[in-house]
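Just the heavy atoms: all of them, side chains too, but no hydrogens, waters or symmetry mates, feed the values below. Given the structure is predicted, the values throughout are model-derived calculations rather than measurements.
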Amino acid sequence: MFSTMTVLHGAFVVLRPTVTEDIPALAAIRATPEVRARWRVEDDLEADIAADLADPGVDILTILYQQRTVGLIQWYSEEDPDYRHAGIDIILDPAVHGRGLGTDAVRTLACHLVDDHGFHRLVIDPAADNSPAIRCYTKVGFQPVGIMRQYERGPDGTWHDGLLMDVLAGELVR
């Protein structure tokens, strides 16, 4: 889907299609303890990211800030006309947390999905105890829908709750 897409420009970040050359920088971000705690990772991070890039059901964009790779944001869609919506996931380098870059990246992609792809509803599913992520998504207009109990297995092998959040096109904070 993104192979023909133009680069997206936010207020602070640039989102561009991820290429193979991005893998080492993205693997380094995924290797940070903060990301490992929230994003399930395999032992071979570069191979894991390469496999994600090959998945035709997910579109991955590299997040650039001041021309430096600081994360990735990806989206997937449900195309059944009766349930059509898109979902977003994001990883941001902990070194740039607290600067509004995550909010800018999510807002930029959300606007693209609504304006250019015609989605009326977007979802995102942070860990239920990830308050910074929830605050970030709320700034874009996402609202809590409900707790998904024992939603994902954490790196410690135990199950953790997730928070389903969504935003309708008319609620998007631009």
Exercise for the section: Any chance you could lay out the side-chain contact (heavy atoms from CB on, under 4.5 Å) test for Leu122 and Val114, step after step, and finish with the verdict? Expected result: CA-CA 8 Å; Leu122 307 175; Val114 168; 4.1 Å; yes

Completion exercise
Paired with Ile60, the side-chain contact (heavy atoms from CB on, under 4.5 Å) test is passed by just one of Leu72, Ile73, Asp89, Ile49, namely Leu72

Practice task
First locate atom CD1 of Ile90, then atom CH2 of Trp39, and finally report the distance between them rounded to the nearest 0.5 Å.
Solution key: 9.0 Å

Completion exercise
In this structure, CD of Gln74 is separated from CG of Leu15 (nearest 0.5 Å) by 12.5 Å

Handout entry: Closest non-hydrogen atom pair, Ala86 against Trp75
Key = CB-CE3, 4.1 Å

Exercise for the section: Kindly work out whether a path of hydrophobic side-chain contacts (I/L/V/M/F/W/Y, heavy atoms less than 4.5 Å apart) joins Leu168 to Leu164. Expected result: no

Completion exercise
Closest non-hydrogen contact found for Tyr76 with Gly57 is CB-O, 3.5 Å

When the side chains of residues 104-111 are checked against the rest of the protein, which donor-acceptor pairs come out under 3.5 Å, sequence neighbours left out?
| residue | atom | partner | partner atom | Å |
| --- | --- | --- | --- | --- |
| Asp104 | OD1 | Ala11 | N | 2.9 |
| Asp104 | OD2 | Ala11 | N | 3.1 |
| Asp104 | OD2 | Phe12 | N | 2.6 |
| Asp104 | OD2 | Val13 | N | 2.9 |
| Arg107 | NE | Val173 | O | 2.7 |
| Arg107 | NH2 | Lys139 | O | 3.0 |
| Thr108 | OG1 | Asp104 | O | 2.7 |

Could you give the side-chain donor-acceptor pairs of residues 140-148 under 3.5 Å, partners two or more places apart or in another chain?
none

Exercise for the section: Mind checking side-chain hydrogen bond (donor to acceptor under 3.5 Å, both in side chains) for Asp55 and listing every partner two or more places apart, or none if nothing turns up? Expected result: none

Side chains of residues 123-132: which donor-acceptor pairs under 3.5 Å do they make with residues two or more places apart or in other chains?
| residue | atom | partner | partner atom | Å |
| --- | --- | --- | --- | --- |
| Asp125 | OD2 | Tyr151 | OH | 2.3 |
| Asp129 | OD1 | Arg38 | NH1 | 2.6 |
| Asn130 | OD1 | Ala133 | N | 3.3 |

Exercise for the section: For Arg68, check side-chain hydrogen bond (donor to acceptor under 3.5 Å, both in side chains) against everything at least two apart and list the hits. Expected result: none

Practice task
Under the side-chain contact (heavy atoms from CB on, under 4.5 Å) rule, collect the residues that match up with Asp80, sequence neighbours excluded.
Solution key: Glu78, Asp82, Tyr83

Exercise for the section: Determine the minimum heavy-atom distance between Arg30 and Arg36, stating which atoms define it. Expected result: O-CG, 3.4 Å

Exercise for the section: Measure across Arg84 and Glu79 and return the closest heavy-atom pair with its distance rounded to 0.1 Å. Expected result: NE-OE1, 3.0 Å

Problem - Of all pairs that satisfy salt bridge (Lys or Arg N to Asp or Glu O under 4.0 Å), the ones with a partner from residues 140-151, not counting sequence neighbours - result: none

Handout entry: Donor-acceptor contact below 3.5 Å, side chain Asp93 vs main chain Val96
Key = no

Practice task
Among residues two or more places apart or on two chains, list those pairs meeting side chain to side chain donor-acceptor pair (under 3.5 Å) that have a residue in residues 20-29.
Solution key: Arg16-Asp22, Asp22-Thr62

Problem - Residue list, side-chain hydrogen bond (donor to acceptor under 3.5 Å, both in side chains) with His85, at least two apart or on another chain - result: none

Exercise for the section: Could you list the residues that satisfy salt bridge (Lys or Arg N to Asp or Glu O under 4.0 Å) with Arg153, not counting sequence neighbours? Expected result: none

Exercise for the section: With side-chain contact (heavy atoms from CB on, under 4.5 Å) as the test, would you mind laying out the steps for Thr158 and Gln150 before giving the verdict? Expected result: CA-CA 9 Å; Thr158 63; Gln150 296 186 10; over 6 Å; no

Handout entry: Contacts of type side-chain contact (heavy atoms from CB on, under 4.5 Å), residue Ala25, not counting sequence neighbours
Key = Thr69

Handout entry: Any pair counted as side chain to side chain donor-acceptor pair (under 3.5 Å), so long as it reaches residues 161-174, sequence neighbours left out
Key = Asp115-Arg174, Arg121-Asp166

Practice task
Please confirm whether the backbone N or O of Leu92 pairs with a side-chain atom of His97, one donor and one acceptor, at under 3.5 Å?
Solution key: yes

Practice task
Measure the CG-CG distance between Leu61 and Leu8 for me, rounded to the nearest 0.5 Å.
Solution key: 6.0 Å

Exercise for the section: Verify the cluster assignment for Val35 and Val58: are they in a single hydrophobic cluster under the rule of side-chain heavy atoms below 4.5 Å apart? Expected result: yes

Exercise for the section: Drop me the distance from Ile29's CD1 to Leu45's CG, to the nearest 0.5 angstrom. Expected result: 11.5 Å

